[in-house]
Amino acid sequence: MNVYETLPELVGENYLLREVRESDADDLLKVYSDEKSVPLFNDDNCHGDDFHYTTAERMKEAISFWRYSYEHGYFVRWAVVEKQSGRAVGTVELFHRDSDSDYFDNCGLLRLDLKSDCERANIIKEILSLLKDCTFDWFYCDKIATKIKPFAEERKKAAEALGFELCEDPLVGNDGQKYFDYYVLKN
């Protein structure tokens, strides 16, 4: 399956992942302006974007960029939607990463951005479980990596329950900068 031709919707018990839509802007602004959430986001190698958006205009620009990036095959960005309310409470980004300079070659790199009240191990585990097996096929990779900062205990608990392990090797950015705190799940 080519996720850049047809973006699948993934449905769990309480959450679903679907394409990010412009109509998600108001919901997602609550995520990306959430002062408690922003420190948990992975902005490694993102050209200075810290994903702290405080205006509707900036949120719409981000969604437009995410949709453009999907259409051009750079990365996939799903909205994380709470089934009961129908509201977007976060996003997941995934892309295939090749590297000649670090361990993270042939890797599905996963970024998870959630509203702070969803930052609970059971929620994170449900979301990661939706992606765990299909990522290897859809992104042609032999490992999945996600950044979990040392203070993100709920993320760590969820990832470890699914078999992710802390990797001591740094991810080396395009500019040579080294990034740490990646958890890896091997196929």
Side-chain angles (χ1 to χ4, degrees), residues 3 7-70 74-95 108-132 134-135 144-162 164 166 179 181-183 185:
V3 294
L7 185 60
E9 186 172 285
L10 302 167
V11 182
E13 184 178 339
N14 301 296
Y15 294 88
L16 66 89
L17 305 180
R18 61 148 170 80
E19 69 177 326
V20 174
R21 302 175 184 152
E22 291 176 14
S23 60
D24 293 325
D26 289 341
D27 289 342
L28 291 178
L29 182 58
K30 292 173 185 159
V31 176
Y32 288 93
S33 65
D34 185 338
E35 300 281 340
K36 294 178 184 174
S37 295
V38 173
L40 297 165
F41 300 162
N42 177 359
D43 60 359
D44 291 355
N45 218 29
C46 290
H47 311 289
D49 190 346
D50 65 0
F51 299 96
H52 185 213
Y53 307 144
T54 57
T55 66
E57 180 180 327
R58 181 63 186 103
M59 190 71 248
K60 289 176 185 174
E61 288 172 359
I63 291 170
S64 179
F65 174 71
W66 297 338
R67 292 177 61 83
Y68 172 89
S69 296
Y70 172 74
Y74 303 136
F75 58 79
V76 173
R77 180 78 68 148
W78 281 275
V80 177
V81 178
E82 183 183 55
K83 288 170 63 176
Q84 184 176 5
S85 70
R87 296 186 185 278
V89 296
T91 66
V92 173
E93 177 182 298
L94 253 167
F95 62 92
L109 195 65
L110 185 151
R111 292 186 169 113
L112 176 61
D113 301 340
L114 290 174
K115 196 170 164 190
S116 62
D117 60 358
C118 293
E119 193 65 33
R120 296 194 311 265
N122 63 319
I123 294 172
I124 296 164
K125 186 177 176 187
E126 179 178 337
I127 294 164
L128 293 177
S129 293
L130 292 172
L131 292 161
K132 186 178 133 186
C134 56
T135 295
I144 304 168
T146 190
K147 183 169 187 127
I148 302 176
K149 296 177 182 177
F151 54 85
E153 291 298 323
E154 294 292 307
R155 287 178 184 237
K156 181 179 174 184
K157 191 184 318 178
E160 288 178 339
L162 293 171
F164 284 80
L166 179 62
Y179 301 101
D181 304 319
Y182 280 88
Y183 282 69
L185 178 68

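Note: hydrogens, waters and symmetry copies are ignored here, and every other heavy atom, side chains too, is used. Along the sequence shown, residues carry numbers from 1.
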Shortest non-hydrogen contact from [X] toward [Y]:
X: A121; Y: E154; result: N-OE1, 2.7 Å
X: C134; Y: L10; result: SG-CD1, 4.4 Å
X: I124; Y: A158; result: CG2-CB, 3.6 Å
X: Y15; Y: E126; result: N-OE2, 2.9 Å

Derivation of the side chain to side chain contact (heavy atoms under 4.5 Å, CB included) call for L162 and L185
CA-CA 8 Å; L162 293 171; L185 178 68; 5.7 Å; no
Give, for atom [atom1] of [X] and atom [atom2] of [Y], the distance between the pair rounded to the nearest 0.5 Å.
X: T135; Y: L94; atom1: OG1; atom2: CG; answer: 4.5 Å
X: L109; Y: E93; atom1: CG; atom2: CD; answer: 7.5 Å
X: L17; Y: L130; atom1: CG; atom2: CG; answer: 5.0 Å
X: F164; Y: T146; atom1: CZ; atom2: OG1; answer: 6.5 Å
X: I144; Y: Y182; atom1: CD1; atom2: OH; answer: 14.5 Å
X: L128; Y: I123; atom1: CG; atom2: CD1; answer: 12.0 Å

With heavy-atom distances below 4.5 Å as the criterion, would you say the side chains of [X] and [Y] are in contact?
X: Q84; Y: N14; result: no
X: T91; Y: L28; result: yes
X: F41; Y: V31; result: yes

Is the closest basic N to carboxylate O distance between [X] and [Y] below 4.0 Å?
X: E119; Y: R155; answer: yes
X: K115; Y: D34; answer: no
X: E19; Y: R67; answer: yes
X: D24; Y: R18; answer: yes

Over 12 non-hydrogen atoms of neighbours within 6.0 angstrom of CD in E57
no
Between E35 and H52, is the side chain to side chain contact (heavy atoms under 4.5 Å, CB included) condition met? List the steps.
CA-CA 8 Å; E35 300 281 340; H52 185 213; 3.2 Å; yes
Please report the C-alpha distance between D181 and I148 in whole Å, then the side-chain angles of each, then the deciding distance to 0.1 Å, and finally whether the side chain to side chain contact (heavy atoms under 4.5 Å, CB included) criterion is met.
CA-CA 6 Å; D181 304 319; I148 302 176; 5.9 Å; no
Does [Y] offer a backbone N or O that forms a donor-acceptor pair with the side chain of [X] under 3.5 Å?
X: K149; Y: N42; result: no
X: S37; Y: L114; result: yes
X: W78; Y: L16; result: no
X: Y183; Y: A159; result: no
X: E82; Y: V89; result: no
X: R77; Y: S69; result: no
X: K83; Y: G12; result: yes
X: Y70; Y: V3; result: yes
X: S129; Y: K125; result: yes

Check the angle between the aromatic planes of F51 and Y32 and answer parallel, tilted or perpendicular using the 30° and 60° thresholds.
tilted
Please test D27 against V81 for side chain to side chain contact (heavy atoms under 4.5 Å, CB included), starting from the C-alpha separation and ending with a verdict.
CA-CA 10 Å; D27 289 342; V81 178; over 6 Å; no
